[in-house]
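Working notes, structure below.
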Amino acid sequence: MTTRRALLAAPLALPALARGAAAQGSWPERSVSVLLGYPPGGVTDFAARAVSERMGRALGQSVVLENRPGAATAVANTAAAQARPDGYTLLMGTSTLAINPALQPSLTPRDPQTELTPIGTVFRTAFVLHVHASLPVRSTAELIAYAKANPGKLNFGSSGTGAVNHLCLELFRARAGIDVVHVPYRGGAPALIDLRTNRIQAMFSAAQEALPPMRDGATRGLAVSSKERMQVLPDLPPVADTLPGFDGVFWQGLFGPASLPAPIVARAGAALREATTDATLVARMAEQGVALTPGDADALRRTLAEETVMWGQLIREQNIRPE
């Protein structure tokens with residue numbers, strides 16, 4: 001009887017399977033929503049919006065960016081993870097997906113590596129290590145020597161506890177073996193105000209935030225946090241030249257819910273690569289210190305896995321807790 005029922009049910013299941021396959025093959029048949037866990041404005045929003053627009057051209061359907069800030073990007077991340085895996089709700093995820101599981105384990109998705117489907121990489125951007133102009137240092141090595149000679153006297157700002165530039169500071173402090181004071185702010189702008197006035201003496205800042213005070217002489221750039229130099233600041237060496245292996249960047253990548261069908265991943269990934277290789281956009285982003293990084297699902301999967309381990313280990317070793 002069981003075999004007979006299965007044989008009778010099989011013809012009924014075939015049309016449903018065919019419809020599912022056809023739907024995947026014709027995706028997208030309507031507009032696609034891309035969620036972002038940041039408010040409008042800033043380089044993250046600009047990049048996500050520009051890439052979404054170009055993806056829409058490649059797909060022949062509107063790709064609409066939706067800003068859903070809140071809870072260290074968990075609002076957008078969770079909504080994407082819980083969406084139907086039909087390709088109509090995607091996520092512009094960032095480094096927070098690798099940080100939140102260790103820093104704030106109560107936030108969802110608790111395991112982005114299994115609850116989201118990587119589609120492709122979008123960009124990576126380094127931070128600029130710069131100091132107040134009055135500080136008598138002109139290189140990373142000199143900054144480390146000064147900090148060792150003046151333990152506990154250097155104030156390092158950040159845009160908030162657990163932000164990537166804060167974790168760059170913690171990585172720097174641990175690798176250099178120095179004693180400096182972390183001063184967290186609510187965003188990079190107020191921290192830069194205090195760096196200009198010497199209330200804090202150093203900071204890892206996003207390139208577009210560091211450039212104005214460096215150009216008017218209020219601060220002095222020493223190095224960049226990535227292993228490679230930045231196109232916009234070619235004269236600044238990597239911190240890794242002094243502390244081998246140092247690499248701390250902010251990245252963005254496109255994800256879908258878990259179990260997103262492979263044909264949709266492939267089509268969305270192809271549209272993403274077309275967007276991130278657009279010559280005009282590549283040039284515009286480079287001016288802000290942002291490198292578009294065309295990469296497939298495997299590249300994004302590796303980035304998420306490697307940084308989940310790296311940042312998780314640092315957070316546990318340094319006992320970093322959210323404010």
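Note that the structure is predicted; figures quoted are calculated from it, not measured.
The environment of R57 atom CZ is dense: over 12 non-hydrogen atoms of other residues, nucleotides or ligands sit within 6.0 angstrom. By the 6.0 Å contact criterion, CD on Q231 is open, its count of non-hydrogen atoms from other residues, nucleotides or ligands being 12 or less.
A side chain to side chain contact (heavy atoms under 4.5 Å, CB included) with R49 is found for exactly one of V34, V63, N67, L36, namely N67. Paired with R68 under the rule side chain to side chain contact (heavy atoms under 4.5 Å, CB included), one option of T78, N77, T73, V75 passes, and it is V75.
Side-chain atoms of T108 do not come within 3.5 Å of backbone N or O of R110 as any donor-acceptor pair. Side-chain N or O atoms of N100 include one that pairs as donor or acceptor with a backbone N or O of A72 at under 3.5 Å. For T121 (side chain) and G295 (main-chain N/O), a donor-acceptor pair under 3.5 Å exists by modelled atom type. When atom types are taken as modelled, the side chain of D296 and the backbone of G120 share no donor-acceptor pair closer than 3.5 angstrom.
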What donor-acceptor contacts under 3.5 angstrom involve side-chain atoms of residues 244-258, with partners at least two apart or in another chain?
{"unit_1": "D247", "atom_1": "OD1", "unit_2": "K227", "atom_2": "N", "d": "3.1"}
{"unit_1": "W251", "atom_1": "NE1", "unit_2": "S95", "atom_2": "OG", "d": "3.4"}
{"unit_1": "W251", "atom_1": "NE1", "unit_2": "E307", "atom_2": "OE1", "d": "2.8"}
{"unit_1": "Q252", "atom_1": "NE2", "unit_2": "T44", "atom_2": "O", "d": "3.4"}

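V183 is not listed as a side-chain neighbour of F156, based on a closest heavy-atom distance of 4.5 Å or more. Put simply, the side chain of L167 reaches to within 4.5 Å of the side chain of I315, judged on heavy atoms. Side-chain atoms of P28 and Y88, non-hydrogen and from C-beta on, do get closer than 4.5 Å to each other. Side-chain contact check for L222 versus S139: every heavy-atom pair is 4.5 Å or farther apart. Considering only heavy atoms from C-beta on, T293 stays 4.5 Å or farther from V122 through its side chain. In this structure, V43 and M285 have side chains that are in contact, with non-hydrogen atoms separated by less than 4.5 Å.
Ion pairing between D216 and R196 holds under the 4.0 Å rule for side-chain N and carboxylate O. Note on R284 versus E287: no salt bridge recorded, every NZ/NE/NH1/NH2 to OD/OE distance being 4.0 Å or above.
Side-chain polar atoms of S33 and E66 form a donor-acceptor pair below 3.5 angstrom.
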Open item on the list: Please evaluate residues L292 and L281 with respect to the criterion side-chain contact (heavy atoms from CB on, under 4.5 Å), reporting the C-alpha separation (whole Å), side-chain torsions for both, the decisive distance (0.1 Å), and the verdict.
Closed with: CA-CA 9 Å; L292 292 182; L281 185 58; 3.8 Å; yes

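A continuous path of Ile, Leu, Val, Met, Phe, Trp and Tyr side chains, each step under 4.5 Å between heavy atoms, connects L103 with Y38, placing both in one hydrophobic cluster.
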